[in-house]
Amino acid sequence: MLRVKDSLLVLVVLVPTLLGCKKKPMHHTTTVEVHQVQHYGNIAAGRIGTTDLELNFVNCPGTARQVVRASKAFTECAPNIKAGDRLEAEIVSSYNIERGSYRSEILRLGACSVKADPKDEANYETVQMCTDLEATGVTVGVRCDRTRSKELLAKCPWFRR
């Protein structure tokens, strides 16, 4: 049977160990292609607002996209961004204890910092792998799988949940 003194010793050793079990954020660098750009505000008149970007992850298998509502600071930094631009993206993935899953956030696109509100519903990501359905040698449809496959996670680990 444990005595009070032994119980305190267990607490002194166990509590710091449990508190130290936080998963460290993972940083990734990849290439994205700007698929669509929507500026809010009048950049020419100096009334700069936010920018919505739809980004394709070109190095990921299947179709991996992310929509980001970037801040005014990003819009000022990259006012001439357009569809078709390929940019280097810095991404950080961190574990969210409350949700019990990972969350990824784009920190930088090209030379500009990105700050997106994680609670804004305009920010989201989708992934899917589509294959043709064939019957008697003829394509009759398409099947799209939206799960995060091992192949996707091996090449693009920031999509891990």
Note, Leu152 side chain near Met129 side chain (heavy atom, < 4.5 Å):
no
Quick one: ring-ring contact (aromatic ring centres under 6.0 Å, His included) partners of Phe57, sequence neighbours excluded?
Trp158, Phe159
Thinking salt bridges, do Glu125 and Arg148 make one under a 4.0 Å N-O criterion?
yes
Contacts of type salt bridge (charged side-chain N to carboxylate O under 4.0 Å, His left out), residue Arg146, not counting sequence neighbours:
none
Which ILVMFWY residues are connected to Leu107, directly or by a chain of links, through side-chain heavy atoms under 4.5 Å apart?
Val92
Does a side-chain heavy-atom distance below 4.5 Å link Val37 with Asp85?
no
Is there side-chain contact between Val34 and Leu109, with heavy atoms separated by less than 4.5 Å?
no
Polar side-chain atom of Asn96 near backbone of Glu98 as donor-acceptor pair, under 3.5 Å
yes
Each residue besides Leu133 in its hydrophobic cluster should be listed here, by chain and number; the cluster joins Ile, Leu, Val, Met, Phe, Trp and Tyr at side-chain heavy-atom distances under 4.5 Å.
Val140
Which pairs pass ring pair (Phe, Tyr, Trp, His ring centres under 6.0 Å) with one or both residues in residues 100-154, sequence neighbours excluded?
Tyr95-Tyr102
Could you tell me which residues satisfy side-chain hydrogen bond (donor to acceptor under 3.5 Å, both in side chains) with Glu54, sequence neighbours excluded, listed by chain and number?
Arg65
For Asp117, which residues count as a side-chain hydrogen bond (donor to acceptor under 3.5 Å, both in side chains) partner, sequence neighbours excluded?
none
Flag if over 12 foreign heavy atoms under 6.0 Å of CD, Glu134
yes
Got a sec, which pairs hit salt bridge (Lys or Arg N to Asp or Glu O under 4.0 Å) with one end in residues 107-116, sequence neighbours left out?
Glu88-Arg108, Glu90-Arg108
Taking only residues two or more places apart in sequence, or in another chain, which ones meet Lys150 in a side-chain hydrogen bond (donor to acceptor under 3.5 Å, both in side chains)?
none
Give me each pair satisfying disulfide bond (SG atoms under 2.5 Å apart) with a member in residues 131-161, each pair once, sequence neighbours excluded.
Cys60-Cys156, Cys130-Cys144
Pair listing, disulfide bond (SG atoms under 2.5 Å apart) test, anchored in residues 70-102, at least two apart:
Cys77-Cys112
Among Asp52, Thr75, Thr50, Thr51, find the one that has a side-chain hydrogen bond (donor to acceptor under 3.5 Å, both in side chains) with Tyr40.
Asp52
Apply side-chain hydrogen bond (donor to acceptor under 3.5 Å, both in side chains) to Thr29 and list each qualifying residue two or more places apart in sequence or on a separate chain.
none
